[in-house]
Structures are given as C-alpha cells and as structure tokens.
Amino acid sequence: PPMRETWAAMEELVKTGLVRAIGVSNFSVVKLRDLLTYAAVRPDLGSGDSEFGSKSGLKLLENSVVVDIASSLGKSAAQVLIRWAVQRGTVAVPKSKTPNRIAENFDVFTWELPEEAMHRLSTFSTQHRILEGKMWLSAAGPYKTLADLWDE
C-alpha cells in the first residue's frame with residue numbers, strides 16, 4: 001500500500017491504544033518531509049543504523065584510527081565504535097554470540113571518548129550503505145528503482 005495509507009493505518013493503532021508511538025527508520029529527508037505533510041501523529045525518529053560487524057564494518061574494526069584510539073584508551077575497537085555511536089546520540093545495536101564480547105559491548109557507559117577522538121572518528125571520508133534495498137523494489141510499488149528508494 002502507499003505510504004499515506006500505511007501511515008494512516010499505523011495512526012489508528014495509536015488512537016486505539018494498541019501502540020504508544022510509531023516511527024520511521026532509514027527515511028531520507030525527502031520522504032520524511034513528505035510524511036510530515038499528512039501525518040496526524042508525528043513519527044518517532046529514534047535511530048541511526050551502524051553495523052560494525054558487517055563486511056564494511058569489519059574494515060572499521062581494523063581501521064588504523066579506530067585501533068589507535070582503542071589502544072590509547074585500553075578499550076577494544078568495537079567498544080570505541082559503539083561508544084562513538086552512543087556519544088553521538090545514535091542507536092548502536094552490537095551483535096555477538098560470544099559471552100565476553102557481549103559483556104565488553106555493554107561496557108561503554110562508564111567512560112567517554114575525548115573530543116579529539118570523536119572528531120577523528122567523525123571525519124572518515126567513506127560512508128557505506130549496509131543494505132542495498134533491492135528487495136523493496138517492485139514495478140507495482142512506490143519504489144521502482146534504487147534511486148526512488150534512496151532519493152538519489
């Protein structure tokens with residue numbers, strides 16, 4: 001169904017008390033501005049998506065800047081990247097099956113990255129889209145091309 005129809009259905013869920021909030025994730029500015037023209041319930045904008053364990057993420061774990069900062073702080077590269085996301089106010093969703101790595105991933109709330117480290121981590125020249133989005137393309141749907149989906 002079109003976004004307007006989908007959003008109206010989700011707003012009904014709020015009105016009936018089945019949910020407290022509805023939100024969006026990975027919306028471009030173009031799509032968000034469009035949504036705000038007709039949304040009676042403002043969307044919750046609670047995320048950013050960074051997966052450090054993806055193929056591009058593994059490169060981040062080995063990045064010399066990340067490794068250098070981690071070494072200087074006595075932390076792991078994963079902890080530095082998770083703390084960077086948290087400190088920026090974005091949502092980090094680390095994934096691990098290893099109990100000691102899971103515990104390590106939670107140990108990011110009692111310390112902060114220095115301002116200089118935050119700056120170094122925020123200036124990487126390359127950005128990666130982790131999910132291409134082809135599965136959402138359909139000749140019958142609103143996203144016929146990747147350019148439609150990502151507003152590029």
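Since we're looking at a predicted model, the values are computed, not measured.
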With sequence neighbours left out, which residue pairs that include part of residues 5-19 fulfil the side chain to side chain donor-acceptor pair (under 3.5 Å) condition?
-> Trp7-Glu11
The complete set of side chain to side chain donor-acceptor pair (under 3.5 Å) pairs with one or both residues in residues 133-143, sequence neighbours excluded, reads none
Partner residues of Thr145 under the side chain to side chain donor-acceptor pair (under 3.5 Å) criterion, sequence neighbours left out | Asp148
Not counting sequence neighbours, which residues clear side chain to side chain donor-acceptor pair (under 3.5 Å) with Gln87? List them please.
-> Arg83
About how many Å separate CD1 of Ile69 and CE of Met118, when rounded to the nearest 0.5 Å?
-> 9.5 Å
Distance from Leu13 atom CG to Ile22 atom CD1, nearest 0.5 Å?
-> 7.5 Å
What residues, two or more places apart in sequence or in another chain, satisfy side chain to side chain contact (heavy atoms under 4.5 Å, CB included) together with [X]?
X: Ala70; value: Val80
X: Glu104; value: Ser76, Gln79
X: Val67; value: none
X: Ser96; value: Thr98, Arg101, Ile102, Asn105

Taking only residues two or more places apart in sequence, or in another chain, which ones meet Arg120 in a salt bridge (charged side-chain N to carboxylate O under 4.0 Å, His left out)?
-> Asp68, Glu116
Tell me the salt bridge (Lys or Arg N to Asp or Glu O under 4.0 Å) pairs involving residues 18-43, sequence neighbours left out?
-> Lys31-Asp151
Which residue pairs pass the salt bridge (Lys or Arg N to Asp or Glu O under 4.0 Å) test with at least one member in residues 137-146, sequence neighbours excluded?
-> none
